[in-house]
Amino acid sequence: MSKNKIFTLYKILYKTYGQQGWWPLINYDKKDVNSLDYHIGNYSFPKTESEVFEICLGAFLTQNVAFTSVVKSLHNLKTLNALTPQGIKNLDQESFKLAIKPSGYFNQKSKYILGFLHFFETLNGTTPTREALLGIKGIGEETAESILLYAYNQEEFVVDAYTKRVLFSLKLISEKSKYEEVKATMQEALESCIPKVQRIKVYQEYHALIVHHAKNHYSRKPYGKECMLHLFVY
DNA sequence: AACCAGGACGTGA
DNA sequence: TCACGTCATGGT
């Protein structure tokens with residue numbers, strides 16, 4: 001069909017599910033503690049330093065955990081006025097752990113986030129490098145990419161477990177492709193057919209679309225059983 | 001009642 | 001380098 005199957009896949013996902021509005025920010029004003037703002041179609045986010053920080057926190061908290069659990073933690077922190085570096089520092093460690101408890105791994109994550117706090121403040125509003133992020137305990141490749149792409153609007157494609165499953169199922173990568181390989185495969189394919197001014201929003205939507213689609217068809221084995229994309233991406 | 005969730009790290013081979 | 005155990009809560 002298309003010579004660029006990766007771009008074809010994007011177009012099909014976009015047409016099927018539409019804009020995803022990632023990265024969602026919590027909506028504390030609504031009483032519902034699960035309320036999120038997806039700012040669909042609006043790519044001028046994050047708007048404030050506080051929103052940048054919230055996305056970073058979410059990136060830590062969502063590691064190997066459902067995002068619905070992360071939302072609870074973020075609401076807890078907001079209630080404690082601790083969705084800012086200073087706000088968290090004003091908390092004692094036990095209160096902080098309790099607040100993020102719904103997201104699991106609270107002993108590790110609390111330590112990691114506290115370490116990140118210092119780094120975040122030294123940034124003073126500037127954009128961190130990928131290498132600097134990877135140097136921080138608790139930030140691996142995907143978390144670094146998520147922070148760069150969604151908190152700082154950098155042109156970095158986010159690869160997660162879903163991405164590998166979907167791409168492997170469609171035979172677009174090999175089974176044991178490593179993170180950097182998959183990322184390079186995606187970026188090279190997209191760079192060749194997407195104008196630079198649109199790449200960031202496409203990267204943001206693409207990753208979100210993969211997650212959305214994979215939740216339906218790639219969560220339980222056999223992966224991709226009921227996935228209709230096999231019919232199209234060839 | 002197992003299995004999965006928008007992973008990362010430490011360890012030993 | 002790589003496979004494997006660990007971290008922990010919550011939903012299905």
Side-chain angles (χ1 to χ4, degrees), chain A residues 10 13 17 19-26 32-34 36-40 45-46 54-77 93-94 96-116 119 130-151 156-169 174-183 186 203-226:
Chain A
Y10 173 72
L13 288 171
Y17 301 113
Q19 297 174 309
Q20 300 298 300
W22 277 32
W23 187 286
L25 297 162
I26 66 160
D32 180 9
V33 294
N34 295 309
L36 285 171
D37 279 335
Y38 280 90
H39 55 83
I40 290 172
F45 277 88
E54 181 186 324
I55 294 171
C56 295
L57 278 183
F60 273 97
L61 294 175
T62 196
Q63 290 170 1
N64 206 34
V65 153
F67 201 77
T68 50
S69 301
V70 176
V71 179
K72 295 194 179 95
S73 297
L74 293 175
H75 267 88
N76 289 343
L77 291 172
Q93 186 133 359
E94 290 311 309
F96 183 54
K97 285 185 181 177
L98 188 59
I100 67 170
K101 191 169 181 178
S103 307
Y105 310 102
F106 53 84
N107 288 309
Q108 285 189 351
K109 287 179 178 176
S110 62
K111 249 187 286 182
Y112 293 157
I113 290 171
L114 256 40
F116 172 74
F119 171 74
R130 186 171 190 273
E131 293 66 36
L133 287 172
L134 289 174
I136 293 167
K137 283 280 178 281
I139 298 188
E141 292 173 302
E142 184 188 339
T143 304
E145 241 74 89
S146 294
I147 290 174
L148 288 169
L149 179 62
Y150 292 107
E156 307 280 351
F157 198 92
V158 179
V159 176
D160 65 346
Y162 284 146
T163 307
K164 291 180 181 172
R165 280 178 209 170
V166 173
L167 294 182
F168 173 64
S169 178
S174 74
E175 177 153 33
K176 41 187 174 44
S177 296
K178 310 182 68 170
Y179 187 97
E180 298 276 4
E181 296 176 51
V182 179
K183 182 187 174 191
M186 298 303 282
Y203 287 11
Q204 290 177 339
E205 293 290 358
Y206 205 158
H207 171 64
L209 284 164
I210 286 174
V211 172
H212 182 91
H213 175 69
K215 278 178 176 172
N216 299 332
H217 303 288
Y218 292 84
S219 280
R220 206 167 285 270
K221 293 179 181 178
Y223 297 141
K225 186 75 182 304
E226 314 265 323

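In what follows, every chain begins at residue 1, and chains take the letters A, B, ... in the order their sequences are listed.
- The gap from the P atom of B:dT11 to that of C:dA8 amounts to 16 Å, rounded to the nearest Å.
- Atom-to-atom, CG of A:Asn216 to P of B:dC4 comes out at 16 Å; the value is rounded to the nearest Å.
- Put simply, CG on A:Leu133 is 12 Å from P on B:dA8, counting in whole angstrom units.
- Listed here is the closest heavy atom pair of A:Val33 and A:Val71: O-CG1, 3.3 Å.
- Note: NZ (A:Lys215) to C1' (B:dC3) measures 17 Å, nearest angstrom.
- Taking every side-chain heavy atom of A:Lys178 into account, C:dC2 is the closest of C:dC2, B:dG6, B:dA5.
- A:Arg165 has no side-chain polar atom (N or O) that falls below the 4.0 Å cut-off from OP1 or OP2 of B:dG6.
- Residue-environment remark: NZ (A:Lys97) exceeds the threshold of 12 foreign heavy atoms within 6.0 Å.
- The CZ atom of A:Phe116 sits 14 Å away from the P atom of B:dA8 (whole-angstrom rounding).
- Taking atom CG on A:Asp160 and atom P on B:dC4, their separation rounds to 16 Å, with Å as the unit.
- Distances shown here put every side-chain N or O of A:Ser146 at or beyond 4.0 Å from the OP1 or OP2 atom of B:dG6.
- The ring of A:Phe45 has its center no closer than 6.0 angstrom to the ring center of A:Trp22.
- Annotation: B:dC3 and C:dG5 have their P atoms spaced 15 Å apart (nearest Å).
- Separating the NZ atom of A:Lys221 from the C1' atom of B:dA5 is a distance of 15 Å, rounded to the nearest angstrom.
- Nucleic acid contact class of A:Thr143 (heavy atoms, under 4.0 Å, all strands): sugar-phosphate only.
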Item to complete: Using a 4.0 Å heavy-atom cut-off, write out nucleotides 3-12 of chain C from 5' to 3' as B (base contacted by protein), S (sugar-phosphate only) or - (no contact).
Response: ----BBSSS-
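- In this structure, the side chain of A:Glu181 engages the main chain of A:Lys178 through a donor-acceptor pair within 3.5 Å.
- Rounding to whole angstrom units, CD1 of residue A:Ile113 and C1' of B:dG7 are separated by 13 Å.
- Within the structure, the salt bridge (charged side-chain N to carboxylate O under 4.0 Å, His left out) test picks out no pair touching residues 209-226 of chain A (sequence neighbours left out).
- A:Ile210 comes within 4.0 angstrom of no nucleic acid atom, judged by non-hydrogen atoms across all strands.
- Using P as the reference atom, B:dG6 and C:dA3 are 25 Å apart when rounded to the nearest Å.
- A stacked arrangement is not assigned to A:Tyr162 and the six-membered base ring of B:dG6, the conditions of a centre distance below 5.5 Å and an interplanar angle below 30° not being jointly met.
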Practice prompt. Would you please test A:Ile100 and A:Leu57 for side chain to side chain contact (heavy atoms under 4.5 Å, CB included) and show each step?
Written response: CA-CA 10 Å; A:Ile100 67 170; A:Leu57 278 183; over 6 Å; no
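- When side chains are defined from C-beta on, A:Gln93 counts as touching A:Ser110, because their heavy atoms get closer than 4.5 Å.
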Worksheet item: After noting the C-alpha distance and the side-chain angles of A:Ile113 and A:Phe96, does the key distance pass the side chain to side chain contact (heavy atoms under 4.5 Å, CB included) rule?
Response: CA-CA 10 Å; A:Ile113 290 171; A:Phe96 183 54; 3.7 Å; yes
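- You'll find the side chain of A:Glu54 stays beyond 4.5 Å of the side chain of A:Trp23, heavy atoms only.
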Interface polar pairs with nucleotides 10-13 of chain B, N/O, under 3.5 angstrom:
none

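- For DNA chain C, no neighbouring residue in residues 54-62 of chain A is found when judged by any heavy atom under 4.0 Å.
- In this structure A:Gln63 satisfies the side chain to side chain contact (heavy atoms under 4.5 Å, CB included) test together with A:Phe60, A:Lys109, A:Thr143, sequence neighbours excluded.
- Among the atoms of the strands shown, none is found under 4.0 Å from any heavy atom of A:Leu134.
- A:Asp160 meets the side chain to side chain contact (heavy atoms under 4.5 Å, CB included) test with A:Glu142, A:Tyr162, A:Thr163, A:His207, A:Val211; sequence neighbours excluded.
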Practice prompt. Could you check A:Tyr38 against A:Leu25 for side chain to side chain contact (heavy atoms under 4.5 Å, CB included), going step by step and ending with a plain yes or no?
Written response: CA-CA 7 Å; A:Tyr38 280 90; A:Leu25 297 162; over 6 Å; no
